[in-house]
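The next block holds one structure in the form of structure tokens; read it before the comments.
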2 protein chains.
Amino acid sequence: MCEWIYAGTVKEPFSSVWTREGRPAKSPGLSRDQIVRAAMEILDAEGVDALSMRRLGAKLGSGATSLYWHIAHKDELMELVMDEVYGKVDLPDPEVTSWEDMASILAYGLRAAFVGHPWVIPLVGTMPSLGPNAMRMSSLMLRAFERAGFTSPPLDYAVSTLLAFVLGWTGPELAWRSTLANSGMSGEELDAAMMKTVRQAARNHPDILERFDDYRVKDPDVVRAIAFDFGLTCLLDGLRVRLAECRDRAGAGIPDTASDAASGVTSDTDRAPRT
Amino acid sequence: MCEWIYAGTVKEPFSSVWTREGRPAKSPGLSRDQIVRAAMEILDAEGVDALSMRRLGAKLGSGATSLYWHIAHKDELMELVMDEVYGKVDLPDPEVTSWEDMASILAYGLRAAFVGHPWVIPLVGTMPSLGPNAMRMSSLMLRAFERAGFTSPPLDYAVSTLLAFVLGWTGPELAWRSTLANSGMSGEELDAAMMKTVRQAARNHPDILERFDDYRVKDPDVVRAIAFDFGLTCLLDGLRVRLAECRDRAGAGIPDTASDAASGVTSDTDRAPRT
DNA sequence: ATGGAAATCGAACAGTGTGCGAGTGGATTT
DNA sequence: AAATCCACTCGCACACTGTTCGATTTCCAT
């Protein structure tokens with residue numbers, strides 16, 4: 001029950017839909033694909049709360065418990081629909097696309113996918129993405145970055161950082177968006193109510209209030225898009241620097257070693273013994 | 001029920017704990033603080049699934065429904081505990097700290113807070129962070145960045161980008177971490193099982209497999225810390241560039257306008273009419 | 001046609017968040 | 001001292017959840 005949010009106990013170690021073979025699926029009735037498709041329709045139309053096994057069964061014209069023949073538990077279903085979202089972002093051929101274009105396309109594409117299926121956000125922060133579509137995405141990005149000259153350890157860090165930015169950006173953005181959308185208001189009404197709320201919440205922080213006043217006259221969607229682009233540009237600038245370092249090292253014949261540069265502030269997890 | 005994951009319908013427009021005055025709290029019995037504290041203990045000890053109103057009431061020695069006098073619904077409780085997590089990260093005085101140190105301290109501190117209370121991740125991607133601690137955090141960061149020379153629109157984008165990176169990074173990291181922790185295995189057993197699973201999931205992507213082989217010999221915590229630092233460094237490099245632009249503009253007396261540079265790939269939300 | 005496997009289904013269980021109305025206790029007013 | 005009021009607690013009930021189990025149906029290979 002809601003276990004996928006933050007798994008309490010996992011049935012088998014590392015059990016995942018992807019590690020187990022699916023049912024033969026030779027029957028004319030239910031199939032895993034149909035179930036996933038129907039689940040996504042419910043999710044997109046009415047959000048996570050609307051997706052119950054009974055409801056899903058009803059939509060498919062069958063009993064709720066019949067689903068459990070094709071799917072072990074609801075978590076698995078969630079893994080499947082999550083990967084389906086990753087499948088929505090399509091990337092160009094990494095062999096003929098610059099790593100920067102690749103990164104931009106991924107960022108915008110993934111953001112669009114998340115915006116189109118907002119219910120996926122809590123899932124991404126909850127269960128590892130091991131589905132074929134997620135794998136394909138990572139693989140293409142790795143190929144593009146490798147072709148550009150990124151060498152092994154930084155290569156993965158670079159891709160991970162990019163994904164982290166998109167995810168971390170889109171989450172709060174969608175939190176706002178859905179809160180607004182579900183308020184039942186629109187236009188100036190909404191604007192006024194929002195300002196009142198934010199103003200009250202930030203009443204002790206004049207600098208924050210100032211920011212909000214700046215935004216009020218602009219279309220929030222446009223502001224968000226510009227801000228997203230700003231962050232992406234920052235990241236690309238940083239990655240360019242790292243790429244240059246990689247190329248220098250490769251040119252000088254120095255092997256890549258993870259730089260021990262985690263200096264300054266450290267969390268409790270930073271100083272584990274190095275092997 | 002579970003509505004806070006992706007709010008289906010909100011009772012009042014923009015209702016939030018923070019916009020409403022709390023109860024007088026002059027009673028000797030339950031108080032909002034006690035409830036929040038107890039909730040956090042349960043969450044930290046056993047995760048989100050363990051936190052039910054009945055359970056929480058029992059821990060406080062009172063009936064489950066008594067809680068509803070102090071708290072409107074469970075979502076509100078979640079807002080409260082979420083802000084409590086933000087309160088765990090403490091920042092230095094922005095007037096005497098460089099913006100770069102400030103950014104690093106925030107990044108590592110926030111990551112540590114998330115790692116210490118993993119159940120907060122889905123919340124952050126779900127409801128807007130309007131609590132006093134979140135506000136205080138943003139306010140301090142804005143002050144530090146402003147003092148460094150960031151000017152108005154990029155100022156906010158910079159802070160948002162930093163937060164997005166930390167959140168987006170920590171989410172998947174914790175997904176892995178909890179999956180591992182709950183597998184009930186440890187040491188080599190765990191390592192072997194994980195590799196088997198990942199290998200199977202990535203069986204069609206040799207480049208990904210190659211990465212995992214690289215990591216296997218190292219302490220995953222250390223690798224994660226290094227990778228996090230890598231991403232943070234990238235971001236700071238990018239922000240440094242933006243800061244220089246801000247200073248140039250300020251020196252030339254050019255007013256800040258949001259650059260219309262969201263070029264290239266666009267999502268459906270990018271091209272809303274400009275006001 | 002028949003045995004067996006594949007698939008479906010209904011009933012039931014333990015659990016969830018929360019609305020409602022009846023109750024409690026202590027302070028304030030008459 | 002008695003009555004009133006209000007903050008607060010609580011048990012019951014409702015509709016709903018994911019999932020188990022055993023019985024039942026459906027279908028294919030022999």
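Every heavy atom of this structure was used, including side-chain atoms; hydrogens, water molecules and symmetry mates were not. Numbered from 1 within each chain, the chains take letters A, B, ... in sequence-line order.
- Each of Ser52(A) and Ser62(B) was matched to the nucleotide of DNA chain D holding its nearest heavy atom; the match closer to the 5' end belongs to Ser62(B).
- Interatomic distance, Leu162(B) CG to Leu106(B) CG, rounded to the nearest 0.5 Å: 5.0 Å.
- Rounded to an integer number of Å, the gap from Arg55(B) CZ to dA14(C) C1' is 16 Å.
- Within the 4.0 angstrom heavy-atom criterion, no nucleotide atom of any strand lies near Leu67(A).
- At a threshold of 4.0 angstrom between heavy atoms, the contacts of Leu51(B) are confined to the sugar-phosphate backbone, with no base atom among them.
- Counting only heavy atoms from C-beta outward, the side chains of Ile121(B) and Leu167(B) approach each other to under 4.5 Å.
- One finds no side-chain N or O of His70(A) lying less than 4.0 angstrom from the OP1 or OP2 phosphate oxygen of dA6(C).
- Distances shorter than 4.0 Å separate some side-chain N or O of Trp69(B) from OP1 or OP2 on dC8(D).
- Atom CE of Met78(A) and atom C1' of dT17(D) are 13 Å apart (whole Å).
- If you check dT18(C), dT17(D), dC10(D) against the side chain of His73(B), the one that comes closest is dT18(C).
- Under the 30°/60° scheme for interplanar angles, the aromatic rings of Phe165(A) and Trp169(A) are found to be tilted.
- Look at CD1 on Ile71(B): it is 13 Å from P on dG19(C), rounded to the nearest Å.
- Rounded to an integer number of Å, the gap from CE of Met53(A) to P of dT19(D) is 6 Å.
- Atom CG of Leu56(B) is separated from atom C1' of dC10(D) by 15 Å (rounded to the nearest Å).
- Atom CG in Leu60(A) sits about 10 Å away from atom P in dC9(C), given to the nearest Å.
- Of the side-chain N and O atoms in Thr65(B), none sit less than 4.0 angstrom from OP1 or OP2 of dT18(C).
- The 12-atom threshold is not exceeded at NZ of Lys88(B), counting heavy atoms of other residues, nucleotides or ligands nearer than 6.0 Å.
- In this model, a side-chain donor or acceptor of Arg54(B) finds a partner on the base of dG17(C) within 3.5 Å.
- Rounded to whole Å, atom P of dT17(D) lies 14 Å from atom CG of Leu77(A).
- With Ser139(A) contributing its side chain and Met135(A) its backbone, the two residues share no donor-acceptor pair below 3.5 Å.
- The side chain of Ser66(B) approaches dT9(D) more closely than any other nucleotide in the set dT19(D), dT9(D), dT8(C).
- Residue Tyr68(A) has its side chain nearest to dT20(D) when only dA12(C), dA7(C), dT20(D) are considered.
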